[in-house]
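Everything on this sheet refers to the single structure shown next.
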Amino acid sequence: MFPNKKEKKAIRQRVVDEIAKSGIEKYNQEIMFGVGGTVRAINKMLIHLNLKEDNSPLIPISLLGTLLDELNTNTKEDFDKVLQVKAERIHTLIPGLIIIKTIAEYFEVDYLHITHHSIREGVLYSLVHSK
């Protein structure tokens with residue numbers, strides 16, 4: 001259910017390759033904004049596992065590595081941790097976590113700021129206010 005070591009490495013490498021291909025210059029950024037269900041599920045997992053005390057929208061990037069370490073095995077015990085919090089994310093949480101952590105490390109981000117809106121809401125807002 002979770003990516004193995006080889007798959008995790010491939011995900012990280014693909015993210016770095018895609019950033020390099022995009023032409024975006026590497027620069028330091030203190031805060032990265034996260035939108036969507038995977039980011040919100042990461043926050044819920046951190047709280048559920050007592051790795052983060054509150055529902056603050058800011059997550060120190062170091063906690064992403066801690067969460068990956070906590071969910072490091074393809075065991076029923078680790079699957080249950082995710083299933084208890086956000087069952088529908090069982091297949092996407094770890095890949096999403098790796099992607100977010102890799103982007104954050106690439107741009108030397110200190111914090112992930114969770115937004116409670118989604119892309120759809122932003123697109124709808126833009127469409128309504130552009131007319």
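All values below were derived from every heavy atom in this structure, side-chain atoms included, with hydrogens, water molecules and symmetry-related copies excluded. Computed from a predicted structure; not experimentally measured.
Formation of a donor-acceptor pair under 3.5 Å by the Asn74 side chain with backbone atoms of Phe2 is found in this model. Looking only at distances, no side-chain donor or acceptor of Thr38 sits under 3.5 Å from a matching main-chain atom of Leu93.
Taking every heavy atom of both residues into account, Met32 and Ala104 meet most closely at CE-CB, 4.1 Å. In terms of heavy atoms, Arg89 sits closest to Gly37 at NH2-CA, 3.1 Å. When all heavy atoms are compared, the tightest approach of Lys52 to Ile59 is CE-CG1, 3.9 Å.
Residue Asn43 holds its CG atom at 13.5 Å from NE2 of His48, rounded to the nearest 0.5 Å. Separation of atoms CG (Leu46) and CD1 (Ile42) is listed at 7.5 Å; rounding is to 0.5 Å. Between the CD1 atom in Ile94 and the NZ atom in Lys8 there is a gap of 6.5 Å [rounded to 0.5 Å]. Atoms CD1 and CG, on Ile114 and Asn55 in that order, are 7.5 Å from each other to the nearest 0.5 Å. Summarising the geometry, atom CD belonging to Gln13 is positioned 12.0 Å from atom CD1 belonging to Ile11; distances are rounded to the nearest 0.5 Å.
For the side chain to side chain donor-acceptor pair (under 3.5 Å) test, residues two or more places apart in sequence or in another chain that qualify with Lys86 are Glu88.
Among residue pairs with one or both ends in residues 4-31, those qualifying as ring-ring contact (aromatic ring centres under 6.0 Å, His included) are Tyr27-Phe107; sequence neighbours excluded.
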Original post:
Where do Thr102 and Ile99 land on the side-chain contact (heavy atoms from CB on, under 4.5 Å) test, with the steps shown first?
Top reply: CA-CA 5 Å; Thr102 303; Ile99 291 167; 5.9 Å; no
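More than 12 heavy atoms of other shown residues, nucleotides or ligands fall within 6.0 angstrom of atom NZ in Lys26.
In this structure the side chain of Ile47 never reaches within 4.5 angstrom of the side chain of Lys44, judged on heavy atoms. Within the 4.5 Å cutoff, no side-chain heavy atoms of Asp110 are placed close to those of Ile61. No side-chain heavy atom of Met45 sits less than 4.5 Å from a side-chain heavy atom of Leu97.
With no hydrogens or angles considered, no side-chain donor-acceptor pair links Asn72 and Asp78 at under 3.5 Å.
Tested against Ile98, the residues Arg14, Arg12, Glu7 include a single side chain to side chain contact (heavy atoms under 4.5 Å, CB included) partner, Arg12.
Note: the hydrophobic cluster containing Ile24 does not contain Val35 (ILVMFWY, side chain heavy atoms under 4.5 Å, direct or indirect links).
Side-chain contacts under 4.5 Å among hydrophobic residues (ILVMFWY), followed directly or transitively, place Leu58 together with Ile31, Phe33, Tyr111.
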